[in-house]
J.: 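Have a look at this one before I ask anything.
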Amino acid sequence: MTTITSQALFKNEPFTDFTVEENQKAMYAALSKVKKELGKKHPLVIGGEKVFTEEQTVSINPGNTDEVIGSVSKGNNELAEKAMQEALRAFETWKKVDPVERAQYLFKAADLMRQRKHEFSAYLIYESGKNWAEADADTAEAIDFMEFYAREMIRLSETSIHQPLTKIDGEDNQISYIPLGVGIVISPFNFPLAIMAGTTVAGIVSGNTVILKPADATPVVAAKFVELMEEVGLPAGVLNFIPGDGIEVGEYLVEHPKTRFISFTGSRAVGCRIYERASKVQPGQLWLKRIIAEMGGKDGVVVDETADLDAAAAAIVASAFGFQGQKCSAGSRAIIVESVYDQVVEKVTELTKNLTVGLPEENYQVGPVIDQRSVDKIMGYIEIGKTEGRLLTGGGRAEGNGFYIEPTVFADVDPKARIMQEEIFGPVLALAKASDWKEAIEIYNDTEYGLTGAYHSKDEERIDYALENMHCGNLYINKKCTGALVGAHPFGGFNMSGTDSKAGGYDYLLLFTQAKLKSRKQS
């Protein structure tokens, strides 16, 4: 295995330009190849053993519900306990593996994923309903996480030797970052490769062992990632794969006395429940469990009268409807100063009406939402929106043999309305009017969330004010509020958006380690 050091410069994986005919042909070839692989059965992986169970999770294509992506075995309490014991056993050796050696597994996995980029993207297109660009960005981010965290682990191992502690005569003092133990990763459907892989490898490269419970809607993508990690030779038991019921498997592992940390991405309600259940010290538990949680948002774009209105409208639409609004960073509300409100509303409406809805493999701009439960929730909010605002476009189901919903825009929405306050997680945008730019920022801040936001203005004093006063973890100026890049935009939010863990940042791996001071008296 070729050794890569932390000194090797990290660069974000480039996105594929699908306007180039050669790249289009490559994606069609990958889609064709993967389609032939659909329908397979995928096992649990426990301590390196592949376990097929009678009960299966059947994953379907949300854009074509007649198509089965695959079947994945389901875990239960007994198998979850077995996975815990295997992870505990593997931890005793994995924690002693040199950090540089641990990092090499990630470098190798990133390289293999890069070689098969379009194939991984094809699985995302079929299983999660992403169009080509969204799937390509998801795969690129997964590669970035592996490359970035590998370098970070090496850097931290070097820092443990060279960190400049205060010098005390007659003493040799060093600090090192040691792993925690067994971690539970509960990953979401909306970035079923990037977030799933990123949270998993962050724990692993830090010297921990992991039990991975992926989202029920996208287990096949996770199974393909587990296969990749097996291919690069990751030792048995370091990564254990246990899809299953949220209570029977997920809550069992969250409450387990040997669980050392939980990395969760998902809804506010589930995140708060995990936080509560994990806080109880179980019999035989020797630590307070560490929670790394990203729990969604009610993100927004603020536009003042000095802004480039065309650019602002484009940013609003991209933020609201990218991947059908199923991003925790999605800009599901926009607050616009009244002197330019009508102009921006008109531009946003026109851009939204021009969006095309259809099958992801055919690369339509807008695809399906993830499942019928999401359809029911989103359509419920659309009905609420019809009583809270003026429907400008959308408002119904879109054609197709899948979970398609029209991109929907409501205007003249009160800042306290439910569709301005509650996370919908679908293609629904609420527009509100503010008397001036300061009131617009106040309206933006009036939420229990605080993940992402954007401010559009040409006035530098106002921009400085927004940078200081818009309360969110990731704030963008004259940009959309989605699309954080690993290394450049460490990602995490305030308030009910989670623990502000800053994934893809230079302090992220510290969440998976504990610092140990070693002080020796010199003779």
Side-chain angles (χ1 to χ4, degrees), residues 12 137 294 296-322 325 327-349 351-352 409 411 413 415 420-421 429-498 500-507:
N12 293 105
E294 198 279 279
K298 190 63 181 175
D299 313 299
V301 180
V302 175
V303 182
D304 77 14
E305 72 277 12
T306 73
D308 179 332
L309 301 187
D310 288 324
I316 290 170
V317 172
S319 299
F321 301 119
K327 300 179 182 181
C328 47
S329 59
S332 60
R333 60 194 178 117
I335 305 101
I336 306 155
V337 171
E338 63 179 347
S339 60
V340 293
Y341 179 79
D342 290 340
Q343 296 176 64
V344 175
V345 167
E346 182 179 354
K347 292 175 186 294
V348 166
T349 305
L351 288 172
T352 304
V409 181
V413 182
M420 281 285 288
Q421 292 289 328
L429 170 65
L431 305 175
K433 184 187 300 182
S435 60
D436 59 33
W437 63 278
K438 277 194 174 181
E439 184 187 48
I441 291 174
E442 290 173 2
I443 293 171
Y444 168 83
N445 284 336
D446 184 21
T447 170
E448 65 178 11
Y449 296 101
L451 185 52
T452 74
Y455 183 64
H456 284 254
S457 176
K458 293 179 182 176
D459 188 308
E460 289 299 327
E461 290 187 4
R462 295 182 182 185
I463 290 171
D464 287 343
Y465 181 92
L467 289 169
E468 182 71 22
N469 291 283
M470 288 180 70
H471 193 64
C472 58
N474 285 57
L475 177 60
Y476 305 97
I477 304 300
N478 294 324
K479 298 171 62 178
K480 61 189 178 78
C481 64
T482 59
L485 289 174
V486 172
H489 312 122
F491 188 82
F494 303 158
N495 298 350
M496 283 298 167
S497 286
D500 194 37
S501 55
K502 287 296 182 266
Y506 288 96
D507 55 359

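Atoms considered below: every heavy atom in the structure, side chains included; atoms not considered: hydrogens, waters and symmetry mates. All values derive from a computational prediction rather than experimental measurement.
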J.: Once you round to the nearest 0.5 Å, how far does CZ of F491 lie from CG of L485?
T.: 11.5 Å
J.: A quick test of your reading: do over 12 heavy atoms of other residues, nucleotides or ligands sit less than 6.0 Å from CD of E346?
T.: no
J.: Walk me through it: do I441 and M470 pass the test side-chain contact (heavy atoms from CB on, under 4.5 Å)?
T.: CA-CA 6 Å; I441 291 174; M470 288 180 70; 3.7 Å; yes
J.: Show the nearest heavy-atom pair for residues A318 and K480, with the distance to one decimal.
T.: CB-CD, 3.9 Å
J.: Just by modelled atom types, is the V340 backbone N or O under 3.5 Å from a matching donor or acceptor in the E338 side chain?
T.: no
J.: Is the backbone of C481 close enough, under 3.5 Å, to the side chain of T452 for a donor and an acceptor to pair up by distance?
T.: yes
J.: Tell me yes or no: between the side chains of S457 and T306, is some donor less than 3.5 Å from an acceptor?
T.: yes
J.: Between G487 and Y506, what is the shortest heavy-atom contact and its length?
T.: O-CE1, 4.2 Å
J.: Restricting to non-hydrogen atoms, name the atom on A484 and the atom on N474 that form the minimum distance, rounded to 0.1 Å.
T.: CB-ND2, 4.5 Å
J.: Keeping the roles fixed (side chain from D299, backbone from S332), state whether a donor-acceptor pair exists under 3.5 Å.
T.: no
J.: Judged by atom type as modelled, is there a donor-acceptor pair below 3.5 Å linking the side chain of S497 to the main-chain atoms of G450?
T.: yes
J.: Measure the NZ-OG1 distance between K298 and T447 for me, rounded to the nearest 0.5 Å.
T.: 8.0 Å
J.: Give a yes or no on whether the backbone of G473 and the side-chain of D500 come within a donor-acceptor separation of less than 3.5 Å.
T.: no
J.: With no hydrogens and no angle check, just 3.5 Å: does a side-chain donor-acceptor pair link K327 and S329?
T.: no
J.: As a test of understanding, state which of V301, I316, D310 forms a side chain to side chain contact (heavy atoms under 4.5 Å, CB included) with V344.
T.: I316
J.: Give me the atom names and distance for the closest heavy-atom approach of F494 to C472.
T.: CE1-O, 3.1 Å
J.: Using every non-hydrogen atom in the two residues, find where A430 and V413 come nearest and quote the distance to one decimal.
T.: CB-CG2, 4.1 Å
J.: What's the separation between atom NZ in K458 and atom CG in D308, rounded to the nearest 0.5 Å?
T.: 5.5 Å
J.: Can you tell me how far the CE atom of M496 sits from the CG atom of L451, to the nearest 0.5 Å?
T.: 14.0 Å
J.: Relative to each other, are the rings of Y465 and W437 parallel, tilted or perpendicular (30° and 60° limits)?
T.: perpendicular
J.: Test your reading of the model: is there a side-chain donor-acceptor pair from R333 to the backbone of Y444, 3.5 Å cut-off?
T.: yes
J.: Just verifying a value: how many Å separate L467 CG and R462 CZ, rounded to the nearest 0.5 Å?
T.: 14.5 Å
J.: I'd like to know if the side chain of H456 and the backbone of D304 have a donor-acceptor N/O pair within less than 3.5 Å.
T.: no
J.: Report yes or no: does K433 contribute a side-chain atom to a donor-acceptor pair with the main-chain N or O of D342 at less than 3.5 Å?
T.: no
J.: Run V409 and L431 through side-chain contact (heavy atoms from CB on, under 4.5 Å) and show every step you take.
T.: CA-CA 8 Å; V409 181; L431 305 175; 3.7 Å; yes
J.: Roughly how far apart are Y455 OH and L475 CG, rounded to 0.5 Å?
T.: 10.5 Å
J.: So, Q421 side chain and D446 main chain: donor-acceptor pair closer than 3.5 Å or not?
T.: yes
J.: Using every non-hydrogen atom in the two residues, find where A432 and M420 come nearest and quote the distance to one decimal.
T.: CB-CE, 3.6 Å
